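Please read these numbers as outputs of a predicted model, since none were measured by experiment.
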Amino acid sequence: MVARIPLIVNSSAEQIQELPSGDSISIPGDLDVTGTVTGNALHALKLTADGTIAANAAVVLTSAGKAKTISTVAESHGTASTFLSHTDSIQVHAINEMVWDAGQNVVLINWAAKPTSGSLYPRNMTAGVLSGSSITWNTTPVSFGNYLTPAFAVNGEGGGLALFRTSGTTDLLYKTFTLSGSTMTMGTQTTLSTYSPSPSGNSPDRPYCEYLTKEGSSHYFVVGYRTGYDASSGGMVMKIRIVKWDGQDSVTLGTEVQVGSVVTSNSDRTKIHARILRLEDDRFLLHDSEVYRVCTRDAGTTNFRVGFANSSVTGGIGEDNNPPVYDPRTKTLLTADTGVDPSGIVVFDVDGENINLRCKINLPSSVRALTNGGTFGKGHVRMTDKGQIVYSYFDGSFANGKQIIGTFNGARDGVAWGAATTYSTNAGNLGVRPRIVKVNDGKVVHVYYSGSSNNEDGKSVVSQMPSTTLTEDNFLGFSAAGYSNGNTASISV
């Protein structure tokens with residue numbers, strides 16, 4: 001086939017000419033082509049080079065709108081940050097739960113302090129701003145009394161919801177809150193479930209809160225709690241409801257939905273402990289008295305459907321009992337199974353309302369030696385936004401805080417574990433388990449206490465997982481030539 005060169009009108013020379021070599025044609029509308037279009041720089045973008053770019057190099061689009069070569073990042077641990085420096089009157093007793101708000105770059109934790117006297121532990125929440133490999137904490141915590149650990153969640157845009165109770169004879173309450181950096185602004189205290197004394201009473205407890213989804217400008221949270229009283233007062237049962245959040249002090253409470261049957265025995269009442277885990281597409285996983293159910297919210301409403309029971313999920317109800325974590329990228333459910341020999345990570349697939357066992361992955365022998373019949377090594381598992389498994393654990397009391405990183409094989413039925421690395425040489429927590437939260441760019445945050453008995457400071461470390469700057473969303477194409485920093489680069493996409 002003969003190569004054809006496009007013709008152009010040269011108005012200055014009043015001639016029809018062939019397109020000069022090196023010139024290009026700009027077509028503002030659609031171009032219909034019959035046959036095959038070939039060329040060396042089809043669909044090329046002109047962008048400023050961020051750093052040196054080699055010829056034919058794969059490049060990504062930066063947040064500044066520039067082209068940059070893909071680079072690798074090694075595993076590393078930042079310098080420890082402090083959210084509480086102990087005094088004679090206050091020390092950290094336990095770090096309970098932590099969440100990540102991407103909109104504010106904030107990690108939010110709830111934790112308990114040791115009481116100055118008696119057995120009532122002051123309950124607090126503290127926010128810290130992530131910057132690079134460190135966190136700057138607000139050292140003035142928000143107090144929630146000294147009765148129940150507050151349950152809370154954030155919407156990823158600087159807003160949240162907290163559930164709490166101030167004594168054994170008060171209502172179960174909620175407050176909305178907003179985040180501006182590390183500053184929490186609390187809304188008005190409002191009743192979620194009313195207390196009434198025995199007989200025929202209601203003493204709501206064991207609250208849990210999880211963020212679900214955004215629809216339009218509204219955010220939806222799921223809350224759960226145990227209601228009722230003892231056997232003489234008619235027993236107890238779990239209640240779940242969806243909360244529509246439209247801003248500070250602007251919420252709509254959905255109808256309470258009873259999950260399970262009313263029970264009266266102490267053993268059955270103990271099993272009622274809501275644990276809610278966000279999935280995707282308006283779905284959430286609900287722990288219901290030793291079984292898990294996949295529930296689905298009806299779009300545009302605070303109504304939801306309760307799925308059938310899945311009884312095979314390994315995991316517990318509290319932060320110390322290996323609760324499952326979910327990776328929405330792979331629709332994979334993970335839980336640490338450390339009370340058996342061999343200890344490991346159990347992997348499940350979530351398919352509709354079904355939760356199916358995929359495999360169990362044994363932990364490395366050095367970690368199993370700690371967990372088998374021992375107190376230590378029983379950590380928490382998370383998946384990063386890069387798809388890696390991270391297992392965080394302690395190897396002793398006020399000892400090393402360590403992490404190991406696992407990478408799935410192609411079939412996702414096996415994991416290659418890396419060597420353990422140490423993020424702290426003096427770390428502990430009540431229950432001998434660290435707390436860990438996934439943030440962004442392949443990072444996680446470990447939170448723990450450090451020091452010695454009755455001299456516990458609250459600490460955190462930001463850990464970077466080994467990864468590249470390539471993500472599912474930022475791949476751009478290949479460079480047409482070599483370019484220096486600041487040059488206009490032609491990128492074939």
Side-chain angles (χ1 to χ4, degrees), residues 63 78-87 89-113 121-146 148-166 173-190 192 207 209-211 214 217-221 223 243-251 435-441 443-449 457-462:
S63 59
T79 302
S81 303
T82 302
F83 68 85
L84 178 78
S85 296
H86 81 276
T87 66
S89 60
I90 185 170
Q91 306 92 35
V92 176
H93 174 68
I95 298 99
N96 300 302
E97 189 180 0
M98 51 195 298
V99 298
W100 164 247
D101 189 287
Q104 289 292 313
N105 259 18
V106 163
V107 173
L108 185 61
I109 61 173
N110 69 16
W111 57 280
Y121 296 86
R123 318 292 173 140
N124 305 291
M125 289 174 63
T126 297
V129 177
L130 173 67
S131 178
S133 60
S134 66
I135 294 181
T136 302
W137 293 99
N138 188 330
T139 54
T140 302
V142 175
S143 174
F144 283 84
N146 56 12
L148 281 183
T149 298
F152 69 104
V154 295
N155 62 17
E157 297 182 2
L161 187 68
L163 280 57
F164 62 101
R165 199 174 172 201
T166 57
L173 307 167
Y174 73 87
K175 287 183 180 181
T176 60
F177 63 85
T178 58
L179 293 167
S180 178
S182 63
T183 299
M184 292 180 63
T185 302
M186 305 304 300
T188 304
Q189 176 176 298
T190 308
L192 182 64
C209 181
E210 179 65 280
Y211 179 65
K214 182 178 182 180
S217 60
S218 299
H219 295 272
Y220 291 84
F221 293 77
V223 300
V243 179
K244 180 173 174 280
W245 190 102
D246 289 305
Q248 187 80 300
D249 290 331
S250 179
V251 301
R435 295 296 183 262
I436 179 174
V437 68
K438 171 183 72 175
V439 289
N440 57 8
D441 297 329
K443 296 174 184 175
V444 299
V445 178
H446 309 270
V447 179
Y448 53 93
Y449 60 56
D457 296 328
K459 297 282 187 178
S460 67
V461 166
V462 180

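Side chain of N110 to backbone of N124: no donor-acceptor contact under 3.5 angstrom is found. A side-chain donor-acceptor contact under 3.5 Å links W245 to the backbone of G160. Without hydrogens or angle criteria, S81 side chain to I135 main chain gives a donor-acceptor distance under 3.5 Å. Listed for the S218 side chain is no donor-acceptor partner under 3.5 Å among the backbone atoms of D246.
Interatomic distance, NE2 of H219 versus NZ of K214, reported as 4.5 Å (0.5 Å rounding). Atom CZ of F164 sits about 10.5 Å away from atom CG of L192, to the nearest 0.5 Å.
Here the closest non-hydrogen pair linking G145 and S143 is N-OG, 3.3 Å. In terms of heavy-atom proximity, P207 sits nearest to L148 at CD-CD1, 4.1 Å. Between D249 and T176, the shortest heavy-atom distance links the atoms N-OG1, 2.9 Å. A pairwise comparison of heavy atoms in C209 and A151 identifies N-CB, 3.9 Å as the closest pair. Annotation for R123 and P150: closest pair CB-CD, 3.8 Å, computed over non-hydrogen atoms. F83 approaches K459 most closely through the heavy-atom pair CE2-N, 3.5 Å.
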Is there a side-chain contact (heavy atoms from CB on, under 4.5 Å) between L163 and L161 once you walk through the steps? CA-CA 7 Å; L163 280 57; L161 187 68; 4.1 Å; yes
D101 and N155: side-chain contact (heavy atoms from CB on, under 4.5 Å), yes or no, with the steps? CA-CA 7 Å; D101 189 287; N155 62 17; 4.1 Å; yes
Taking it one step at a time, do Y448 and V461 satisfy side-chain contact (heavy atoms from CB on, under 4.5 Å)? CA-CA 9 Å; Y448 53 93; V461 166; 3.4 Å; yes
Dump the intermediate steps for side-chain contact (heavy atoms from CB on, under 4.5 Å) on Y174 and V243, then the final yes or no. CA-CA 11 Å; Y174 73 87; V243 179; 5.9 Å; no
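A donor-acceptor contact closer than 3.5 angstrom is absent between the side chains of T188 and T190. Between D457 and S85, the side chains place no donor N or O within less than 3.5 Å of an acceptor N or O (distance only, hydrogens not considered).
Using the six-membered ring where Trp is involved, Y211 and F221 have ring planes that are perpendicular, over 60° apart on the 30 and 60° scheme.
The shortest side-chain heavy-atom distance between M98 and V107 falls under the 4.5 Å cut-off. Looking at F152 and M125, their side chains come closer than 4.5 Å, going by heavy atoms from C-beta outward. V445 places none of its side-chain heavy atoms less than 4.5 Å from the side chain of K443. Under the 4.5 Å side-chain criterion, counting only non-hydrogen atoms from C-beta, Q248 is in contact with T185.
For W111 and Y449, the ring centers are positioned 6.0 Å apart or more.
Listed by chain and residue number, nothing satisfies the side chain to side chain donor-acceptor pair (under 3.5 Å) test with T136 (two or more places apart in sequence, or in another chain). Residues satisfying the side chain to side chain contact (heavy atoms under 4.5 Å, CB included) criterion with A127, sequence neighbours excluded, are V106, L108, L179, S182, M184.
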